[in-house]
Amino acid sequence: MVRYADTMVLAWLTDSARSLSMDNLSQSLLNHEMIHFKDTVKKGENFASVAIEDACKYAGEDAYITFQLYDVLREQLLLKGGQEALDEAFNVEFPFAITLLGMEKEGIAVDTAVLELFKKEVALEIATLTEQIHSTCGTVFNLNSPKQLGVILFETLGLAHGKKTKTGYSTDEQVLDGLKDEHAVIPMLLQYREYHKLYSTYIEPLIALSQNDPASRIYTSFIQTGTATGRLSSKNPNLQNIPVKTALGMRIREAFVAPKGKKLIGIDYSQIELRLLAHFSEDSVLVNAFNEGHDIHMQTAIALFGEAEAAQKRNIAKTVNFGLLYGMGQKKLSDTLGITTKEAKEIIERYFETFPSVKGYFSGIVVHAKEMGYVETLLHRRRYFDFASATPMLKAAYERESVNTVFQGSASDLIKLSMNKIDTMIRTEGLRARMLLQIHDELIFEVDEDVAEVYASRFVEVMESILELRVPLKTSMHIGNHWGELK
DNA sequence: CCCATCACG
DNA sequence: ACGTACGTGATGGGC
């Protein structure tokens, strides 16, 4: 049940929680350097003991929660200190630890037979491809070694090499894709890579884990304090990176099922980060587009290229919209779109001319980050940057991270609020529903079949009304018997 | 233990 | 002159 907590720390903390008075505990935590915010504790001493007291209420119930709460508390106080930090800890992050605990305990059902069948097919493909590749190259080597592969491709076969890595030639997907017409072995390698990834990262581990459990369910650990932006992460196994993009990858999703008599519901926020961009920047074109329910990428294309060209350039606009949130540069945009850096530069310049309030808003974030040393999300979570001691290259990276953190972190704030509200709803009303997974902007539920539609509408309603922004929050919802049907 | 690679949002 | 699109975790090779 305790999956990520350090067990020594946990045992110590739980024991203390049961046997010590509050004052003793908080002093003891400090003495043992269990709380690493000694510097801020002078002004925050009351806050600290109040917070610990609250955390300890849960200790008898479940030591794991205590640990998560403690972890969150430390994180929050380190991040900000003072009342604002504790407000967020108490109002959002502490209840969220309980929400996550419920999800971790619940797990998700896996149909092992689906995976076993797929495993046989993939194993056969891998064996065939291995044989073909070795004979095509005229030599036997380890296909999983980029080092050995690089030597074969770029020395033995004499293909023209592009970029290099620290340790030799790059053989990543982008490189291989550029060479796919140069030699018959390249398409085989690309296929091999896809099959091997599925086999080693998903098929085998998921079968092993599901066989551990009497109900064939698998249980992830959600890390609440592991990211720089406030997002969750998921590990052992990571259920936030189950394949979705290719037909083969979707076979993995088909193995995540609703048990008999139940359904899975998937609800994801549509373009939540772009909606936050519209909200924060107050740009009239963006705000209007969302308020009128228009296709945001098409509207961007119209604004950038005019009505006549918009339809054929919608994809460019889409890439630019995404790139914006990452602080894109001309180099990467040109690589992604397959255009010259000059063209990319022009598109970026035109974007900021077309959306001046976005440009102003972005520079505002960067100015704030440089002056204050941090940026804040919608719910005032902070991320700190040390611009002062940074090299020019690092400064540029910090600028991109500052901007991105506002959107990624604020989106994370929103879905945390929704999850807490839905979790409370499920518990207090005794709904025949369980929240199973969060994948950043998406929630997966398992519910009784007969109430699936009704519950789904209620969850959608919570998610879309969780906060009132300058633009509506929209979601898309799907009900199915397996995860593969939720897109 | 680091690197390269690749899966996701 | 030159280089940077953000945030994660798992795997296998190789030192």
Side-chain angles (χ1 to χ4, degrees), chain A residues 4 141-150 163-177 189-190 192-206 209 220-223 226-246 248-250 252-253 268-274 319-337 341 344 348 362 375 377 383 390-412 415 437-443 483 487:
Chain A
Y4 85 80
F141 64 101
N142 189 338
L143 290 181
N144 299 323
S145 165
K147 187 179 152 92
Q148 293 181 35
L149 179 63
K163 55 179 174 178
K164 300 191 75 172
T165 64
K166 283 180 186 175
T167 49
Y169 309 102
S170 172
T171 68
D172 69 18
E173 192 176 355
Q174 213 189 343
V175 169
L176 293 186
D177 206 58
L189 284 167
L190 285 165
Y192 173 85
R193 285 254 173 99
E194 182 176 8
Y195 281 117
H196 181 258
K197 183 76 178 178
L198 291 175
Y199 194 89
S200 64
T201 306
Y202 301 101
I203 300 175
E204 279 212 308
L206 291 177
L209 288 169
T220 186
S221 290
F222 288 108
I223 314 303
T227 66
T229 57
R231 270 192 178 181
L232 291 177
S233 72
S234 157
K235 66 176 191 180
N236 303 329
N238 183 353
L239 295 185
Q240 292 182 319
N241 72 345
I242 301 301
V244 68
K245 283 172 185 159
T246 67
L248 279 175
M250 284 301 285
I252 306 287
R253 288 205 170 206
D268 67 281
Y269 278 113
S270 311
Q271 295 151 340
I272 188 166
E273 294 186 6
L274 283 176
T319 305
V320 172
N321 276 335
F322 270 103
L324 266 186
L325 302 168
Y326 298 150
M328 69 183 161
Q330 42 184 293
K331 176 81 165 62
K332 187 65 185 183
L333 183 66
S334 60
D335 283 355
T336 308
L337 289 174
T341 55
I348 295 171
F362 274 27
V375 294
T377 66
R383 179 175 181 183
T391 61
M393 198 167 110
L394 201 53
K395 277 194 172 77
Y398 286 167
E399 290 184 13
R400 295 193 301 274
E401 291 165 11
S402 298
V403 170
N404 178 260
T405 294
V406 174
F407 302 110
Q408 198 183 113
S410 297
S412 175
I415 200 166
L437 298 176
Q438 184 245 50
I439 308 101
H440 309 302
D441 62 355
E442 173 186 12
L443 298 177
W483 197 353
K487 272 290 168 192

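Per chain, numbering begins at 1; letters A, B, ... match sequence-line order.
Contact annotation: S233(A) reaches the phosphate of dG9(C) (side-chain N/O to OP1 or OP2, under 4.0 Å). A close approach under 4.0 Å does occur between a side-chain nitrogen or oxygen of Q148(A) and OP1 or OP2 of dG14(C). Not one side-chain nitrogen or oxygen of R400(A) sits closer than 4.0 Å to the OP1 or OP2 atom of dG7(C).
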> If the sugar-phosphate is the primed atoms plus P, OP1 and OP2 and the base is the rest, what is the B/S/- string for nucleotides 2-9 of chain B, using protein heavy atoms under 4.0 Å?
Replying inline: -SSSBBSB
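When heavy atoms are screened at a 4.0 angstrom cut-off, A228(A) is found touching the sugar-phosphate backbone but no base atom. Residue contacts shown for T391(A) are absent, as no nucleic acid heavy atom lies under 4.0 Å away.
Counted within 6.0 Å of NZ on K395(A), heavy atoms from surrounding residues, nucleotides or ligands total more than 12; the atom is thus considered enclosed. In this structure, K166(A) places its NZ atom where only 12 or fewer heavy-atom neighbours from other residues, nucleotides or ligands lie under 6.0 Å away. No more than 12 heavy atoms of other residues, nucleotides or ligands sit less than 6.0 Å from atom CZ of F322(A).
Rounded to a whole Å, the CD1 atom of I252(A) is 13 Å from the P atom of dT11(C). We find that CZ of F222(A) is positioned 13 Å from C1' of dG9(C), with the value rounded to whole Å. As a whole-Å value, the separation of Y398(A) OH from dT4(C) P is 16 Å. The separation between M393(A) atom CE and dT4(C) atom C1' is 7 Å, rounded to whole Å. Distance, Y195(A) OH to dG12(C) P: 19 Å, rounded to whole Å. Rounded to whole Å, the distance from CZ on F141(A) to P on dG14(C) is 12 Å. Rounded to an integer number of Å, the gap from L325(A) CG to dG7(C) C1' is 12 Å. Computed from coordinates, the N142(A) CG to dG12(C) P distance equals 11 Å when rounded to whole Å.
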>> Walk me through whether L176(A) and R193(A) qualify under side chain to side chain contact (heavy atoms under 4.5 Å, CB included).
In response: CA-CA 11 Å; L176(A) 293 186; R193(A) 285 254 173 99; 3.6 Å; yes
> Yes or no on side chain to side chain donor-acceptor pair (under 3.5 Å) for T319(A) and T336(A), after CA distance, side-chain angles and deciding distance?
Replying inline: CA-CA 8 Å; T319(A) 305; T336(A) 308; over 6 Å; no
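Taking every heavy atom of both residues into account, A390(A) and Y398(A) meet most closely at CB-CE1, 3.8 Å.
With sequence neighbours left out, T391(A) forms a side-chain hydrogen bond (donor to acceptor under 3.5 Å, both in side chains) with no residue at all.
Nearest to the side-chain atoms of N144(A) among the listed nucleotides dG9(C), dG13(C), dA5(C) stands dG13(C). Across dG14(C), dC6(C), dA10(C), the shortest atom-to-atom separation from the side chain of S145(A) is found for dG14(C).
Under the Watson-Crick or G-U wobble criterion, with both distances below 3.5 Å, dC3(B) is paired with dG12(C). The partner of dC2(C), taking Watson-Crick or G-U wobble pairs whose two distances both stay under 3.5 Å, does not exist in any strand shown.
For the P atoms, the distance from dT4(C) to dC3(B) is 15 Å, rounded to whole Å. Comparing the P positions of dC6(B) and dG3(C) gives an interatomic distance of 22 Å, to the nearest angstrom.
Using bins of under 30°, 30° to 60° and over 60° for the plane-to-plane angle, the ring pair Y192(A)/H196(A) lands in the parallel bin.
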